[in-house]
**Q** 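So that we are looking at the same thing, I have put the structure below in structure tokens.
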Amino acid sequence: MIKTVEWTEEGVRMIDQRLLPTEEKYLLLRSCDEVAEAIKLMVVRGAPAIGVSAAMGIALSTKQAAVSSVADLEEDFDYFCDMMSRTRPTAVNLFWAIERMRDAFRRAKADGATQVDEVKRQLVEEAKEIFRADIESNRALGRFGGELIPDGATVLTHCNAGALATAGDYGTALGVIRGARDAGKRVAVIADETRPFLQGARLTAWELQKDEIPVTVITDNMAGHVMKQGTVDVVVVGADRIAANGDAANKIGTYMVAVLAREHQIPFYVAAPVSTVDLKIPSGEGIPIEERDAREVTHIREQRLSPEGVAVHNPAFDVTPNEFIAAIITDRGVARAPYTESLRRMVEG
Ligand code: MRU
């Protein structure tokens with residue numbers, strides 16, 4: 001099993017995704033500041049993985065706080081939560097995980113915890129539970145989604161929505177592929193390279209190869225061609241935030257893939273746990289889109305590609321309108337249009 005992020009008593013351990021696939025290096029992050037920096041720099045990335053890491057970072061620094069009252073502990077805790085909420089704006093799993101940690105603090109106080117150590121213990125337990133639940137929910141999502149994949153299918157995916165984008169193990173979009181494989185189906189994957197951060201070429205290809213699932217990498221501008229040739233049976237992607245009406249934000253380029261899939265009558269599925277659904281946002285127009293450093297576009301690692309001083313636009317995500325989505329595969333079942341009703345049912349249980 002790929003261990004994307006792990007709790008240890010010394011700190012949060014994670015694989016440095018910036019270096020994959022050429023180097024497999026693990027970092028031990030010893031404070032909330034270090035975890036927040038790792039999220040910003042994309043040492044760890046992918047909506048559920050960001051949420052799990054944030055919860056662990058908050059628990060870690062709260063545990064280290066040298067305070068003697070629960071009120072002082074809460075002040076430090078709030079500071080850590082605020083720090084985490086400023087790391088990346090689009091993936092709602094981050095804010096969902098921070099809210100779960102805030103709820104855990106409130107619960108500890110309501111239960112009458114007057115000892116600082118008891119509150120700290122409950123926060124560490126909550127972070128570990130968020131980790132455990134993520135792995136479990138992706139297994140469930142994989143089982144539901146696996147049923148939608150025909151035997152012998154070639155699945156196109158964009159970005160990395162695999163073990164590396166979650167707490168580990170199955171992933172979301174790749175969880176659907178693993179679910180199909182574990183149900184005994186033959187399945188092959190086409191991975192879009194995913195400019196500019198190359199999550200597809202580097203991360204999806206790396207983890208599928210490790211899992212011995214056949215994978216072919218293409219550059220993003222080849223997707224239309226392979227669809228036209230009839231090579232793609234299904235598209236499955238992850239999501240960073242799904243609005244109440246089913247509009248789904250995911251890695252930049254996803255919208256382009258959805259438009260192509262519709263033109264070629266290929267089912268386009270979004271796979272995400274219910275923690276990615278944001279019922280507070282009515283449509284995709286309200287989803288904040290992160291603008292990242294121009295250097296990600298002008299350079300590949302140290303190599304400059306564009307002339308110095310050129311204007312650059314680097315939105316990290318785009319929004320696919322709900323009418324392009326054949327179904328949203330969640331950990332509680334498969335939601336279909338009209339999404340306003342089906343997603344609410346999934347989220348509210
Ligand atoms: O910028 P990233 O690499 O964090 O973006 C990741 C994606 O867009 C994933 O597809 C999404 O988070 C789903 S991960 C299960």
Side-chain angles (χ1 to χ4, degrees), residues 2 4-5 14-18 20 38-54 87-97 134-135 137-142 145 155-179 189 191-204 206-207 220 235-242 248-258 268-278 287-293 296-297 314-320 325 328-331:
I2 294 167
T4 308
V5 53
M14 55 177 72
I15 190 161
D16 188 342
Q17 300 195 28
R18 296 167 305 177
L20 287 170
I39 293 173
K40 280 190 207 155
L41 296 175
M42 296 183 41
V43 169
V44 64
R45 33 63 52 200
I50 293 171
V52 170
S53 304
T87 52
R88 295 191 73 189
T90 304
V92 75
N93 308 61
L94 170 70
F95 305 97
W96 172 88
D134 186 59
I135 292 189
S137 72
N138 292 328
R139 281 272 166 167
L141 183 157
V155 182
L156 184 139
T157 190
H158 191 75
C159 192
N160 171 267
L164 288 167
T166 59
D169 184 42
Y170 241 45
T172 57
L174 299 192
V176 169
I177 289 158
R178 291 185 167 109
V189 177
D192 284 349
E193 129 186 276
T194 320
R195 278 275 292 151
F197 203 72
L198 307 177
Q199 289 95 331
R202 297 188 301 107
L203 309 177
T204 297
W206 179 78
E207 66 167 88
D220 299 330
V235 176
V236 187
V237 298
D240 288 82
R241 193 186 295 230
I242 302 173
N250 191 47
K251 180 53 51 195
I252 191 74
T254 303
Y255 171 55
M256 192 169 70
V257 175
F268 178 92
Y269 297 120
V270 171
V274 290
S275 53
T276 306
V277 180
D278 186 355
I287 300 178
I289 301 292
E290 177 183 13
E291 175 79 21
R292 288 190 63 84
D293 194 338
E296 289 180 355
V297 174
N314 185 16
F317 301 96
D318 58 27
V319 176
T320 299
I325 303 171
I328 298 178
I329 304 159
T330 80
D331 45 338

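This structure is a prediction, so every number in the text was calculated from the model and none was measured. Start at 1 and go down the list; that is how both ligands and their atoms are numbered.
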**Q** Assess the residue pair E193 and R195 against the criterion (salt bridge (charged side-chain N to carboxylate O under 4.0 Å, His left out)); give the C-alpha distance rounded to whole Å, side-chain angles, the decisive distance to 0.1 Å, and a yes or no.
**A** CA-CA 6 Å; E193 129 186 276; R195 278 275 292 151; 5.5 Å; no

**Q** Against V235, only a single residue in V270, I325, V257 fulfils side-chain contact (heavy atoms from CB on, under 4.5 Å); can you say which?
**A** V257

**Q** For ligand 1, which is the ligand I care about here, please tell me if T172 has any N or O atom under 3.5 Å from one of the ligand's N or O atoms.
**A** no

**Q** Suppose we measure from atom 6 (C) of ligand 1 to each protein heavy atom; which comes out shortest, and what is that distance?
**A** R45 NH2, 3.5 Å

**Q** Quick one: does any side-chain atom of D331 pair with a main-chain N or O of V274 as donor and acceptor, under 3.5 Å?
**A** yes

**Q** Less than 4.0 Å is my threshold; does some heavy atom of A91 fall inside it relative to ligand 1?
**A** no

**Q** Using a 4.0 Å cut-off to any heavy atom of A161, which atoms of ligand 1 qualify?
**A** 14 (S), 15 (C)

**Q** For atom 11 (C) of ligand 1, what is the nearest protein heavy atom, given as residue, atom name and distance?
**A** D240 OD1, 3.2 Å

**Q** Go through ligand 1 atom by atom and flag the ones less than 4.0 Å from a non-hydrogen atom of A47.
**A** 12 (O), 14 (S)

**Q** Looking only at side chains, do N138 and R178 share a donor and an acceptor under 3.5 Å apart?
**A** no

**Q** Keeping E296 on the side-chain end and N314 on the backbone end, is there a donor-acceptor pair under 3.5 Å?
**A** no

**Q** For F317, take its heavy atoms, then give the atoms of ligand 1 lying under 4.0 Å from any of them.
**A** 1 (O), 5 (O), 8 (O)

**Q** Among G46, A239, A165, which one has a heavy atom closest to atom 13 (C) of ligand 1?
**A** A239

**Q** Does Q199 approach ligand 1 within less than 4.0 angstrom via side chain, backbone, both or neither, non-hydrogen atoms only?
**A** side chain

**Q** Given M42, K251, R241, which has its nearest heavy atom closest to atom 5 (O) of ligand 1?
**A** K251

**Q** R45 side chain to N160 main-chain N or O, any donor-acceptor pair under 3.5 Å?
**A** yes

**Q** Just to check, does R88 reach to within less than 4.0 Å of ligand 1 when the distance is taken from its heavy atoms?
**A** yes

**Q** Which of these, N250, V270, T254, has its nearest heavy atom closest to atom 10 (O) of ligand 1?
**A** N250

**Q** Using atom types as modelled and distance alone, determine if a side-chain donor or acceptor of H158 lies under 3.5 Å from a backbone N or O of G238.
**A** no

**Q** At what distance, to the nearest 0.5 angstrom, does SG of C159 lie from CG of L164?
**A** 10.5 Å

